Amino acid sequence: MRLINQDFLKAFRIVWIITGLLCLFIIIKSVLISPIHLRYIPLCPSKAVNSECILCGMTRAFINIGEMNLKAAYTLNKGSVLLFSLILLNALYAIIYIIKISYSNKIKTKQI
């Protein structure tokens, strides 16, 4: 008996592909957005009570990573470079997966 249902795997792949594409959007935005626009980004609610959450500084850090300023990004949030790298890898793998599926579907339709 299979432990994981095929429908569950199919649904998981769809959610993962959508998440991967959203991650790609985040990466593209962090490269394209200008630091001038940071003044329009609201501060974390944790800052209002003189606290920090695990994601405090992440937006500014991602923009610094987009500008290839890894040291400033690390200063803003110590986990930003790792998280950005994981998001980038996930997005790239999702794109490769989409291309692989598209290519295999083209081959299947040519054989019919």
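Every heavy atom of this structure was used, including side-chain atoms; hydrogens, water molecules and symmetry mates were not. One-based numbering along the sequence shown. Model, not experiment: these values are computed from the prediction.
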Shared hydrophobic cluster for Ile101 and Trp16 (ILVMFWY, side-chain gaps under 4.5 Å): yes

Any side-chain heavy-atom pair of Ile26 and Leu22 under 4.5 Å: no

Nearest heavy atoms of Ala73 and Ile65, plus distance in Å: CB-CG1, 3.4 Å

Co-membership, hydrophobic cluster, residues Leu83 and Leu70, 4.5 Å side-chain: yes

Co-membership, hydrophobic cluster, residues Val15 and Phe25, 4.5 Å side-chain: no

Closest non-hydrogen atom pair, Ser30 against Ile27: OG-O, 2.8 Å

For the student: nearest non-hydrogen atoms of Asn77 and Leu55, plus distance: ND2-C, 3.8 Å

Shared hydrophobic cluster, Leu21 / Tyr97 (ILVMFWY, side-chain heavy atoms < 4.5 Å): yes

Gap separating the CD1 atom of Ile87 from the CG atom of Leu24, nearest 0.5 angstrom: 11.0 Å

Qualifying ring-ring contact (aromatic ring centres under 6.0 Å, His included) pairs with a residue from residues 43-73, counting only residues at least two apart or across chains: Phe62-Phe84

Non-hydrogen atoms of Gly57 and Leu76 that approach each other most closely: O-CB, 3.9 Å

More than 12 heavy atoms of other groups within 6.0 Å of Leu32 CG: yes

Closest non-hydrogen atom pair, Asn90 against Gly20: ND2-CA, 3.8 Å

Minimum heavy-atom distance Met58-Gly79, with the two atoms named: CE-C, 4.4 Å

Between CD on residue Glu67 and CD1 on residue Ile63, distance to nearest 0.5 Å: 7.5 Å

Common cluster, Tyr93/Ile98, ILVMFWY with side-chain heavy-atom separation under 4.5 Å: yes

